[in-house]
J.: 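Okay, handing you the structure first.
Lettering of chains follows the sequences in order, A, B, ..., and the numbering in each one begins at 1.
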Number of protein chains: 2
Amino acid sequence: MTHSEENYIKGIYHLSEAGAGSVSTTTLATHMETKPSSVTDMIKRLAGKELVNYKKYQGVRLTEQGQLKALQIIRKHRLWETFLVEKLDFNWDEVHEVAEQLEHIKSDMLVDRLDALLDYPDYDPHGDPIPDKDGAFKTRDKKLLANLGPGKSGQCVGVVDSSAAYLKFLDKHGIALGDSITVLEREEFDQSLKIRIGTRNFSVSQRIASNLYVKPIEN
Amino acid sequence: MTHSEENYIKGIYHLSEAGAGSVSTTTLATHMETKPSSVTDMIKRLAGKELVNYKKYQGVRLTEQGQLKALQIIRKHRLWETFLVEKLDFNWDEVHEVAEQLEHIKSDMLVDRLDALLDYPDYDPHGDPIPDKDGAFKTRDKKLLANLGPGKSGQCVGVVDSSAAYLKFLDKHGIALGDSITVLEREEFDQSLKIRIGTRNFSVSQRIASNLYVKPIEN
DNA sequence: TTTTATTTTTAGACAAATCTAAATATTTAT
DNA sequence: ATAAATATTTAGATTTGTCTAAAAATAAAA
């Protein structure tokens, strides 16, 4: 598999994860920052390799085989991100582009040893699950901070948007994975939330709250 | 720079290091496992980027700029090899192919942090020097074991041939970098050497002895 | 249910990196 | 110094991944 093929497989995986079902040519083209005609070409190549099912005008869907490939690439991406943060002191907003390159390195031994070095992590620095060799990964019950009722608490476990801009914004507000957040009040006017983290009380916009995952805490 | 361009630059560097002066198309083609015509094409591209000096039928030579690029790639290659051995428990005969891939990853931050994680090593697992950011590296006075006179001792510091076959052969004979070797006797008939490592006395072929570097020890 | 708009595919072209085969230059040997 | 051998370059083709522009199919709207 070429880098490009791997990137398409990963793209198809992420898009079918979000909107279930098959992925349209245009959607994939937008995601890959390329033209629909290029996508059609590539889809045909991937279909030839049995990595996707493709019928003209019907969009693409990963085959079992394609899905496993996708998960293996995602596994590498997330292990490398974890490595960069844990071992090389990268900030969580600095890892994405480098991991995009590292995920294409071909060596099973490398991946296995890296996994061991990191002590077999279940989640990456953004809270996303790291699939194992067979593509299996842990899911956890999480909800958007935006959907946490007043008085309820949750532990910050992940982000929807993992852009550097958003992550830096969280840093600036002193919000990190692992933090316990209590919703004090919901402002109906702009959907902003008054929250408490540790001893600090402050307000976060709806935009922030709907991009942060929390694991609800019973209380 | 594409991966291919980087590989050519590195190839030219290694070949001009060995046989000084300019590198011929055929020599480079053999080294790159490709055809002379492909080399000519690539050389023109590199000349266009001011990385090599090229005059038809006269071979190539790296420019100042090209040389620095080569050393930066070699730096990455050797840092990654060191990482694989030191942190991921690879054997020194298992690192080459993976490092060939990793050397193309583009991120100055990654290289700097990796260097720090490894505590700024001067030499890689094969005893080759690791250039710094500016391409500078340590040289040491070393000679071939084959050229060490009877009664003289040396510390094993590097290999000429770093193929897996040779390295495994050294492993099998219990010869490792850092070992102190004393030449007991030179067999004129086949140029083999009787040597002592620790308390073990044994004989090594001329082939082995002329691929092992030692740092002479005064005695 | 036609017409219109949108999506998707095809056809043809291009750049990168390679190849083979042919042409040209250089080197070696006679 | 000329012929023979070797090395190098050019010309033209191929593959991968992309593009634009045009054609075809599907979906939406009147």
Side-chain angles (χ1 to χ4, degrees), chain A residues 1-13 15-16 18-62 66 69-70 73 100-101 103-106, chain B residues 1-13 15-16 18-62 66 69-70 73 100-101 103-106:
Chain A
M1 267 189 121
T2 66
H3 288 195
S4 190
E5 287 172 341
E6 290 190 344
N7 286 335
Y8 271 93
I9 289 293
K10 192 169 52 124
I12 296 165
Y13 180 89
L15 291 172
S16 29
S22 73
V23 178
S24 80
T25 304
T26 313
T27 306
L28 187 50
T30 306
H31 182 84
M32 303 301 292
E33 297 182 21
T34 186
K35 298 284 132 90
S37 55
S38 304
V39 169
T40 303
D41 289 346
M42 180 55 89
I43 282 171
K44 286 178 179 173
R45 291 167 50 77
L46 295 174
K49 299 186 176 193
E50 314 263 277
L51 294 167
V52 300
N53 287 127
Y54 169 62
K55 269 190 279 189
K56 278 193 195 180
Y57 297 99
Q58 308 269 123
V60 256
R61 201 183 280 271
L62 291 176
K69 272 268 179 274
I73 299 161
E100 287 282 297
Q101 297 180 61
E103 75 190 3
H104 299 297
I105 301 293
K106 280 159 187 60
Chain B
M1 267 190 121
T2 65
H3 287 196
S4 190
E5 287 171 342
E6 291 190 343
N7 286 335
Y8 271 93
I9 290 292
K10 192 170 52 122
I12 297 165
Y13 179 89
L15 291 174
S16 28
S22 75
V23 177
S24 79
T25 304
T26 313
T27 306
L28 188 50
T30 306
H31 182 86
M32 303 300 294
E33 297 182 19
T34 185
K35 298 285 132 90
S37 56
S38 305
V39 169
T40 303
D41 288 346
M42 180 54 89
I43 282 172
K44 286 179 178 171
R45 291 167 49 78
L46 295 174
K49 298 187 174 189
E50 314 263 277
L51 294 167
V52 300
N53 288 128
Y54 169 62
K55 269 190 280 189
K56 276 193 194 177
Y57 296 99
Q58 308 269 124
V60 257
R61 201 183 280 273
L62 290 176
K69 273 270 178 274
I73 299 161
E100 287 282 295
Q101 298 179 61
E103 73 189 5
H104 299 297
I105 302 294
K106 280 159 186 62

J.: If you check every side-chain atom of Lys44(B), which of dT10(D), dA16(C), dT9(C) has the closest atom?
T.: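 The listed nucleotide nearest to Lys44(B)'s side chain is dT10(D).
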
J.: Rounded to whole angstroms, how far apart are CE on Met42(B) and P on dC19(C)?
T.: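 It works out to 11 Å between those atoms.
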
J.: Can you tell me the distance, in whole Å, between the CE atom of Met32(B) and the P atom of dC19(C)?
T.: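 From Met32(B) CE to dC19(C) P: 11 Å.
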
J.: Looking at Ser24(A) and dT7(C), is any side-chain donor or acceptor paired with a base atom of the opposite kind under 3.5 Å?
T.: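 A donor-acceptor contact between them is absent.
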
J.: Just N and O in the side chain of Ser37(B): are any of them under 4.0 Å from OP1 or OP2 of dA21(C)?
T.: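 So the side chain of Ser37(B) is outside the cut-off, no N or O lying under 4.0 Å from OP1 or OP2 of dA21(C).
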
J.: Please give, in whole Å, the distance from dG17(D) P to His3(B) NE2?
T.: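 Going from NE2 in His3(B) over to P in dG17(D) covers 14 Å.
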
J.: Taking only residues two or more places apart in sequence or in another chain, which ones pass side chain to side chain donor-acceptor pair (under 3.5 Å) with Ser22(A)?
T.: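 Scan of Ser22(A) (side chain to side chain donor-acceptor pair (under 3.5 Å), adjacent residues dropped) gives none.
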
J.: Which is more 5' along DNA chain D, the nucleotide nearest Lys56(A) or the one nearest Glu33(A)? Just name the residue.
T.: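 So the residue in question is Glu33(A).
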
J.: Could you check how far NE2 of His104(B) sits from P of dA17(C), rounded to whole Å?
T.: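 Checked: the NE2 to P distance equals 12 Å.
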
J.: OP1, OP2 of dT9(C) versus side-chain N and O of Tyr54(A): anything below 4.0 Å?
T.: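 Yes, because at least one side-chain N or O of Tyr54(A) sits under 4.0 Å from OP1 or OP2 of dT9(C).
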
J.: With a 4.5 Å cut-off on side-chain heavy atoms, are Ile12(B) and Met32(B) touching?
T.: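 Counting from C-beta outward, Met32(B) and Ile12(B) never come under 4.5 Å.
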
J.: Looking at Ala70(A) and Tyr13(A), what are the two nearest heavy atoms and their distance?
T.: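 The pair with the smallest heavy-atom distance is CB-CB, 3.6 Å.
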
J.: For Glu6(B) and dA16(C), give me the distance from atom CD to atom C1', rounded to whole Å.
T.: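 Glu6(B) atom CD is separated from dA16(C) atom C1' by 15 Å.
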
J.: Between dA16(C), dT9(C), dT10(D), which one does the side chain of Thr40(B) approach most closely?
T.: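 Out of dA16(C), dT9(C), dT10(D), the nucleotide with an atom closest to Thr40(B)'s side chain is dT10(D).
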
J.: dT10(C), dC19(C), dC19(D): which one has an atom nearest the side-chain heavy atoms of Lys35(A)?
T.: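 Of the candidates, dC19(D) comes closest.
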
J.: What nucleic acid atoms does Ser4(B) come within less than 4.0 Å of, heavy atoms only: base, sugar-phosphate, or nothing?
T.: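 Answer is sugar-phosphate: Ser4(B) comes under 4.0 Å of backbone atoms only.
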
J.: Do any side-chain nitrogens or oxygens of Thr2(B) fall under 4.0 Å of OP1 or OP2 in dA17(C)?
T.: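 True: Thr2(B) side-chain N/O within range (under 4.0 Å) of dA17(C) OP1/OP2.
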
J.: Start at the 5' end of DNA chain D and walk down; is the nucleotide closest to Asp41(B) or to Glu5(A) reached first?
T.: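 On the 5' side of the pair lies Asp41(B).
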
J.: Tell me if the side-chain of Thr26(B) makes a donor-acceptor pair with the base of dT6(D), cut-off 3.5 Å, by modelled atom types.
T.: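 No such pair is found, so the answer is no.
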
J.: Could you list all the side chain to side chain donor-acceptor pair (under 3.5 Å) pairs where at least one residue sits in residues 46-58 of chain B, not counting sequence neighbours?
T.: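 Qualifying pairs: Glu5(B)-Lys49(B).
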
J.: Is it the case that atom NZ in Lys10(A) sees more than 12 heavy atoms from other parts of the structure closer than 6.0 Å?
T.: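 Correct, the count exceeds 12.
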
J.: Measuring to OP1 and OP2 of dT10(C), would you say a side-chain N or O of Tyr57(A) lies under 4.0 angstrom away?
T.: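 Indeed not, no polar side-chain atom of Tyr57(A) lies that close.
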
J.: Just one of Thr40(B), Val60(B), Thr30(B) clears the side-chain contact (heavy atoms from CB on, under 4.5 Å) bar with Thr25(B), so which one?
T.: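 Answer after filtering Thr40(B), Val60(B), Thr30(B): Thr40(B).
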
J.: Whole Å only: how far is the CD1 atom of Ile43(A) from the P atom of dT16(D)?
T.: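 Spelled out: CD1 on Ile43(A) to P on dT16(D) is 17 Å.
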
J.: Between dG17(D) atom C1' and Leu46(A) atom CG, what is the distance in whole Å?
T.: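 Going from CG in Leu46(A) over to C1' in dG17(D) covers 12 Å.
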
J.: Which of the following nucleotides, dT9(C), dA17(C), dT8(D), is nearest to the side chain of Thr25(A)?
T.: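 Comparing dT9(C), dA17(C), dT8(D) against the side chain of Thr25(A), the answer is dT9(C).
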
J.: What is the distance, to the nearest angstrom, from the OH atom on Tyr8(B) to the C1' atom on dA17(C)?
T.: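 Going from Tyr8(B) (OH) to dA17(C) (C1'), I get 8 Å.
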
